[in-house]
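Below is one structure; the comments refer to it alone.
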Number of protein chains: 2
Amino acid sequence: MSVTRSSINKGSRPTVRDVARLAGVSVGTVSRVVNEVNNVTPLTRSRVKEAMVALNWKPSMLAQNMREKTSRMIGFVFSDLDNPLFSSMIKGAESVLTRAGYQLIVGSSNESPQQECRLVELFGQRQADGLIFTITDETNPDVLASLSLANFPVVMIERDVSVQIAGKVVADHYEGTLQATRYLLDLGHRRVALITGGHSNFVGRDRLLGYLQAHRDCGIEPDPALIRTSERVADAAFGGRQMQLLFALNSAPTAVLALGRRLLRGVLSACRAADIRIPQDMSLITTNDSELAELVQPAVTVVRYSAFELGCEAAHMLLHRLGTVGEWNASTIVVPTELVVRESCARPQQEPGWTGPHDD
Amino acid sequence: MSVTRSSINKGSRPTVRDVARLAGVSVGTVSRVVNEVNNVTPLTRSRVKEAMVALNWKPSMLAQNMREKTSRMIGFVFSDLDNPLFSSMIKGAESVLTRAGYQLIVGSSNESPQQECRLVELFGQRQADGLIFTITDETNPDVLASLSLANFPVVMIERDVSVQIAGKVVADHYEGTLQATRYLLDLGHRRVALITGGHSNFVGRDRLLGYLQAHRDCGIEPDPALIRTSERVADAAFGGRQMQLLFALNSAPTAVLALGRRLLRGVLSACRAADIRIPQDMSLITTNDSELAELVQPAVTVVRYSAFELGCEAAHMLLHRLGTVGEWNASTIVVPTELVVRESCARPQQEPGWTGPHDD
DNA sequence: TTGTAAGCGTTATCAA
DNA sequence: TTGATAACGCTTACAA
């Protein structure tokens, strides 16, 4: 035993060797005590425990992880923490992961695929045990490549990718949009606009499908000029701009579906600026319930679903995957949506040249 | 060299040894290449780099951290991610830490001191390089004990503790509340209520001080019945309840300062339920700007400050501390507040028995 | 029941 | 310029 080894560990944090020395046992015994492995005399155990508290020693997780090739850390990559949608998801994921003894390490991509690649690789280097991910562009080849090289399971939230991953958790946007659109059509609206982001992902596609299906169910051909989807992110400014464009149409819509958490703000501002009254001049349905939707007057009808639940389910799926040794079939969890009817929708006003609803 | 060592590393991730073997060099050389240490032949370097990409090898951060006794991870403990205040702070901290090559590992305390202790110790075991913390109870002895045992620098946000820490970052609640209160007094209000949480922390104390000082400046004695502070957390329900109690007073206030991010919702609901009009029957100022405050009608005057900036400054302070080898003096950064005047305040209505403002 | 020692994947020191 | 090897703090066979 070298001099360095036996000398007192000065300043820096104590190690298992310091504890062993103080307790007069070997490092193996100390380890057996902390890991609560059997075959250790009560007397020895108590001596070791005393030494542990005396030195305030806790095993270094870094060293443990190093040996056990698992870090009990889960990465979470999202685009923007300031979007309450993501903070709720993280909260959901964190609440179940913490209970299972995992910790969450977060990273914002700011909608940048390069940053997403960097983060995926970084989590790999950190030996993350898994990753929860809301990819920005479902088809970006670089990100997909990093993903398929990753040696940890990945669960997508609200996204679908072509590479093999552990699974995905999504809200039922198809059904939600179908119901919302049908509700407006049933009120007698015939010109219903759709504003949504997610042009290049699952969410946007499913919303569009629901919108179209509802029209088809009523035998109505939707006007393409009323469908305003965003290639990029759908923020408040996008919502406002699209409303202005819709107002300017020679046959403007009588109702609008503004599907996206951040659109409401822009939509409301635009309506007020143009002196358009809700619901008299324009019916409005938005998505993702919020204080604003609930308390603005008139209160806004929303397609509601729980981002918290999305996060929980993603974490559960990941834990399940981590606990599964053999075969694993990529799975999908669908979280329901619900139409919360408030006061922002009404029957359309009679317009010159409009002949009234056909079906009631 | 043992058989295990020389055999091909099957399945699991490659190590520096695999790269060395493939490139026909020693592990030392591989390390020199990745760390871009000089004294390595261009030829050797390229051979090593080829092997690195061939095996898709990246150094294990776990192993690096193990040697260098630093993890380049910063912990962030807050009470509730769903509070947009915290998500903005985290976003701020994350944005500066990422740029500096650090990653953020998050933990919610859910207002539980025990959980806070657990997290502080956990971050210690993970060898976190530092911690950003919004402690729930500034005086909880257990948490303070964990904190003083921690062997990493700690920066508090919006809190002040008696134990030695690297520093704190706070918003100027005293000044903000002083201005807001003065604004109401100047409008002629003489019965201004104060609803705020943070009874047991810095924030609540400073708000109360600002409120009292503004009254003193005007030579007015505030009615203790109008001061409603919360021992515990101030959520929407608390805001609503306090409003009801205020309405029930035989001399109700004509204005209310609802200082706390989540109070607005409860306050608005209570006003509507009691048919109290803002600002005609009641002037209202709240704190922390939000979509709701901006877009509800009438738009609400707020004491605004940037939680994002709080997070940024905390991260900067921590980085500064980490880069400082010798002496360090605990420091404080104060982020300014600003009164954003909107439409929720008006001169008080003449009431029977009220003799008008004394000072204008 | 307890001790010894190898090994986890790096980096850094020393020798060649 | 490169290679061999100890060390980081822990766990776990295996030996005693």
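Just so it is clear: chains get the letters A, B, ... in the order the sequence lines come, proteins before strands, and each one is counted from 1.
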Quick one: A/M61 CE to D/dT11 P, roughly how many Å, whole number?
11 Å
Find which nucleotide of DNA chain D each of B/G24 and B/Q127 is nearest to by heavy atoms, and output the residue with the more 5' nucleotide.
B/G24
Are A/M156 and A/D160 packed together at the side-chain level, in the sense that at least one heavy-atom pair is separated by less than 4.5 angstrom?
no
Whole-Å distance between C/dG9 C1' and B/L55 CG?
15 Å
Working to the nearest 0.5 angstrom, can you tell me the gap between B/M89 CE and B/I132 CD1?
10.5 Å
Nearest heavy-atom pair of A/S95 and A/F308: which atoms, and what distance?
OG-CZ, 3.8 Å
So A/V40, base contact, sugar-phosphate only, or nothing? Heavy-atom distance under 4.0 Å.
sugar-phosphate
Separation of D/dC10 C1' from A/K69 NZ (nearest whole Å)
15 Å
Quick one: is D/dT2 close enough that its OP1 or OP2 comes under 4.0 Å of any side-chain N or O from B/T41?
yes
Write down the distance between CG (A/N65) and P (C/dT10), rounded to a whole number of angstrom.
15 Å
List the atom of A/V16, the atom of A/V30, and the distance in Å for their closest heavy-atom pair.
CG2-CG1, 3.5 Å
Using atom CZ of A/R13 as one end and atom C1' of D/dG9 as the other, report the distance to the nearest whole Å.
9 Å
Where do N or O atoms of nucleotides 12-16 of chain C meet protein N or O atoms at under 3.5 Å, pair by pair?
{"residue": "C/dA12", "atom": "O4'", "partner": "B/R67", "partner atom": "NH2", "Å": "3.1"}

Return no unless some side-chain N or O of A/Q64 is found under 4.0 Å from OP1 or OP2 of D/dG9.
no
With sequence neighbours left out, what residues match B/R126 under side chain to side chain donor-acceptor pair (under 3.5 Å)?
A/Q103
Specify the separation, in whole Å, of atom CH2 of A/W57 and atom C1' of D/dT11.
11 Å
Report the residue (A/N39 or B/K58) whose heavy-atom-nearest nucleotide on DNA chain C is the more 5′ of the two.
A/N39
Is the shortest heavy-atom distance from the side chain of A/M61 to the side chain of A/M73 under 4.5 Å?
no
Hey, which sits more toward the 5' end of DNA chain D by its nearest nucleotide, B/S26 or A/M66?
B/S26
Under 4.0 Å: is that the gap between some side-chain N or O of A/T29 and OP1 or OP2 of C/dT2?
no
Could you tell me whether the phosphate oxygens of C/dT1, OP1 or OP2, come under 4.0 Å of any side-chain nitrogen or oxygen in A/T44?
no
Whole-Å distance between C/dT4 C1' and A/R17 CZ?
12 Å
Going by atom types only, do A/N110 and A/S108 share a side-chain donor-acceptor pair under 3.5 Å?
no
Give a yes-or-no answer on whether the side chains of A/D82 and B/S88 include a donor-acceptor pair shorter than 3.5 Å.
yes
For B/Q125 and D/dG9, what is the distance between atoms CD and C1' respectively, to the nearest whole Å?
13 Å
Compare every heavy atom of A/D129 with every heavy atom of A/Y102, then report the nearest pair and how far apart it is.
CE2-OD2, 3.5 Å
Rounded to 10 degrees, the angle between the two terminal axes of the helix from C/dT1-D/dA16 to C/dA16-D/dT1, each from five pairs
50°
Provide the closest heavy-atom pair for A/F123 versus A/L131 in the form atom of the first, atom of the second, distance.
CD1-CD1, 3.7 Å
